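Beneath this line is the structure, given in structure tokens, with notes to follow.
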Amino acid sequence: MFRGIKHTSILLAILLCRTLNCQLCNLGNLKSHRYNTSISSVYVGTGDVPLTADKAFNGQYSNYLSQCAGTKQDLWNKTAWWQVTFKSLSMIFKINLIFREGYSRHEKYYVFITNGTVSREELNALNPVYHDEHVKPSYQNTIVFPGGHYGLQVYILVNRTVSDAGHGKYVELCEAEVYGCVHATNGIVPNCNCSNTTMDNKHLVLWDSRIAFGNGTVTLHCYKYYLSIMNLTSQTESELVSILEACDGRQHCTFPTSRKLKQNLIRFNCTDRCTNKAYNNTIPVSQLMTDSDISYNLKVSNNFTAFLKSRKLNCAERHVLTNGNLTLQCQRKGQWIGKAPVCNVTCQEPTHENSTTIRQSAPSPKYFVDHIISYACRKNHRLEKGNLTRVCNESGDWTGDQPVCKRCKCPCERLKSQNFITDPQVLQNRIKEMEKELKINEKALSTTVRKKTCAKDERKSAKGIGSVLGIGIIVFVVSIIVCSDIPMLYRHIRYGPESS
Ligand SMILES: *[C@@H]1O[C@H](CO)[C@@H](O)[C@H](O)[C@H]1NC(C)=O
Ligand SMILES: *[C@@H]1O[C@H](CO)[C@@H](O)[C@H](O)[C@H]1NC(C)=O
Ligand SMILES: *[C@@H]1O[C@H](CO)[C@@H](O)[C@H](O)[C@H]1NC(C)=O
Ligand SMILES: *[C@@H]1O[C@H](CO)[C@@H](O)[C@H](O)[C@H]1NC(C)=O
Ligand SMILES: *[C@@H]1O[C@H](CO)[C@@H](O)[C@H](O)[C@H]1NC(C)=O
Ligand SMILES: *[C@@H]1O[C@H](CO)[C@@H](O)[C@H](O)[C@H]1NC(C)=O
Ligand SMILES: *[C@@H]1O[C@H](CO)[C@@H](O)[C@H](O)[C@H]1NC(C)=O
Ligand SMILES: *[C@@H]1O[C@H](CO)[C@@H](O)[C@H](O)[C@H]1NC(C)=O
Ligand SMILES: *[C@@H]1O[C@H](CO)[C@@H](O)[C@H](O)[C@H]1NC(C)=O
Ligand SMILES: *[C@@H]1O[C@H](CO)[C@@H](O)[C@H](O)[C@H]1NC(C)=O
């Protein structure tokens, strides 16, 4: 189990840092990007320390009295809220909210991300990106937006609820980390430009959360995706297992944090749940984890086990798609849209010399395995070398060699120029092909054959070849092969097939 986790986390680290801008910034800490912060009311604590809105961005959270943003006990019919507005549109990937330690007065709170400036009243018409259902929400909540979420503003709102009798509605936000990049083309912060996709392993802040408090609770939430827990910096296996049990494969989870866990990093990933199967004879072209314009485009091996949003594949060289789809989209609930692709090997267009012709009713656009191609010597020519019958084999090659015929000096001895099939494999394939084409059931076949031939057939060669098929079928098939030439057929029946 743990080997698997480690393996996946390495792969994911590679995956995420391939093309994603790993230089995400803590947007709230960037004064040059922050336009303003505000709060519904400012609590002034002992020592006349006002808990202003911007204290949620001061990087400190352990001392409630002076380092948090905090509201007064608002009137019952009012809503407590806190918000930040950025100077330009951003792409937000993660929000880590650290509330006041030991308090859960942000009961049933909402998180909104808006892509324009809206007033608190206008929020009622919008959908929150997060709503905590709990009466006692966690002290810390990490919400990840795997594909990114456009945002100009972030609001935290504690609405009036029926059950809030007894205590007020507060926002007591000690720290808000908003990780993302600046989307606008006139981005003022060059390092955080969303299109400036540099790779920097040191800034992989997206998929982890530092546990702020021991003796508390932490909530992890994946926006539209599902949690996959990677590891925990504390080597406490039992704790990791209980977190796995609580969180893995869920969109949302809350787990208790022991004192030992304080300041430890929990690593996780938000995934879609489509499993990434390997398909034979395909080459991955791209695999995406996102539906935003920042993509995790990469080339990885077929047996990569992460969960993906979409996959594009190509058939391997010399293979063509015969079934399914080469582009697969992962739907919510872990279903791929599109059938598994089947790519079959094909042979190249057969070549021929000008002493021969290729006999086929119409050139086939694709030559699959077992396709038989027959050549004929030109008039007054006979086979000198190569094979007049060739079959497309499993490696996409024509068996045998290209035939070469030579002009006969005197009238050709007919027999030698005929393309008797001597190779047992070729014969088997021809028989199979004919079986398919004619679609004659064995019974009907053998009666007609018996009527038509009346031949007592006890030839050893026939027995040797046809252990599966009846003697009658062999005769029938051989007859068809040679039947273009009536005298030949006569000869054949009388004397049996020539062995050379
Ligand atoms: C842990 O937290 C709970 C609730 O906040 C509190 O009642 C309890 O005393 C704390 N335990 C320790 C050992 O601090
Ligand atoms: C902003 O939000 C509106 C309404 O939700 C939406 O129609 C629009 O596409 C959004 N713009 C961007 C850039 O996301
Ligand atoms: C807050 O409560 C008011 C009144 O109950 C309600 O109209 C509004 O939709 C609520 N807002 C949110 C974001 O739930
Ligand atoms: C950010 O990226 C956009 C698009 O590539 C570019 O037009 C703009 O100049 C960049 N801004 C900065 C500050 O690098
Ligand atoms: C957790 O991940 C870190 C960084 O990737 C790694 O150094 C550490 O060994 C991992 N721990 C476990 C238990 O896999
Ligand atoms: C893929 O190839 C393997 C090995 O050649 C084979 O066992 C398996 O049946 C193939 N799967 C499909 C779907 O053809
Ligand atoms: C997948 O392939 C089937 C036929 O193999 C086709 O009917 C269907 O439209 C394709 N679906 C997509 C999403 O490309
Ligand atoms: C393609 O390959 C599959 C399995 O490998 C086989 O069942 C199918 O008949 C093949 N299709 C063609 C057109 O050869
Ligand atoms: C197919 O034929 C080619 C050329 O004759 C040969 O090299 C190859 O080994 C054959 N492959 C199989 C699977 O029989
Ligand atoms: C091709 O012809 C040669 C010589 O006649 C023969 O030995 C060989 O078996 C043939 N191969 C095939 C695949 O028919």
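One-based numbering, in listed order, for ligands and for the atoms of each. Source: prediction; values computed, not measured. Computation of the quantities below employed the complete heavy-atom set of this structure, encompassing side-chain atoms and omitting hydrogens, waters and symmetry-equivalent molecules. In this chain, residues are counted from 1 in sequence order.
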Protein contact to atom 11 (N) of ligand 1 [nearest heavy atom, distance to 0.1 Å]:
Asn215 ND2, 2.8 Å
Within a radius of less than 6.0 Å around OH of Tyr103, do more than 12 heavy atoms belonging to other residues, nucleotides or ligands occur?
no
Output yes when the distance from some N or O of ligand 10 to some N or O of Thr399 is under 3.5 Å, and no in every other case.
no
Any idea which protein heavy atom is nearest atom 9 (O) of ligand 6, and the distance to it?
Asn280 ND2, 4.7 Å
Please indicate, with yes or no, if any protein heavy atom is found under 4.0 Å from atom 14 (O) of ligand 1?
yes
Report the part of Tyr139 (side chain from C-beta onward, or backbone N, CA, C, O) that has a heavy atom under 4.0 Å from ligand 1; answer both or neither where that applies.
side chain
So Phe57 and Thr37, do their side chains get closer than 4.5 Å, heavy atoms only?
yes
Check ion pair Asp397-Arg318 (N to O, under 4.0 angstrom)
yes
Do you see a protein non-hydrogen atom under 4.0 Å from atom 2 (O) of ligand 1?
yes
With heavy atoms of Asn387 as the reference, note each atom of ligand 10 found under 4.0 Å away.
1 (C), 2 (O), 3 (C), 8 (C), 10 (C), 11 (N), 12 (C), 14 (O)
Does the protein put a heavy atom less than 4.0 Å from atom 5 (O) of ligand 6?
no
Can you name the atoms of ligand 1, numbered from 1 with element, that are less than 4.0 Å from a heavy atom of Arg259?
12 (C), 13 (C), 14 (O)
Basic-acidic side-chain contact under 4.0 Å: Glu133, Lys108
no
Walk me through whether Lys136 and Glu107 qualify under salt bridge (Lys or Arg N to Asp or Glu O under 4.0 Å).
CA-CA 6 Å; Lys136 264 193 91 177; Glu107 178 179 338; over 6 Å; no
Test Asn344 against Thr322 for side chain to side chain donor-acceptor pair (under 3.5 Å), laying out the working first.
CA-CA 7 Å; Asn344 288 61; Thr322 55; 2.6 Å; yes
Exactly one candidate in His106, Arg105, Glu172 meets side-chain contact (heavy atoms from CB on, under 4.5 Å) with Val158; the answer is His106
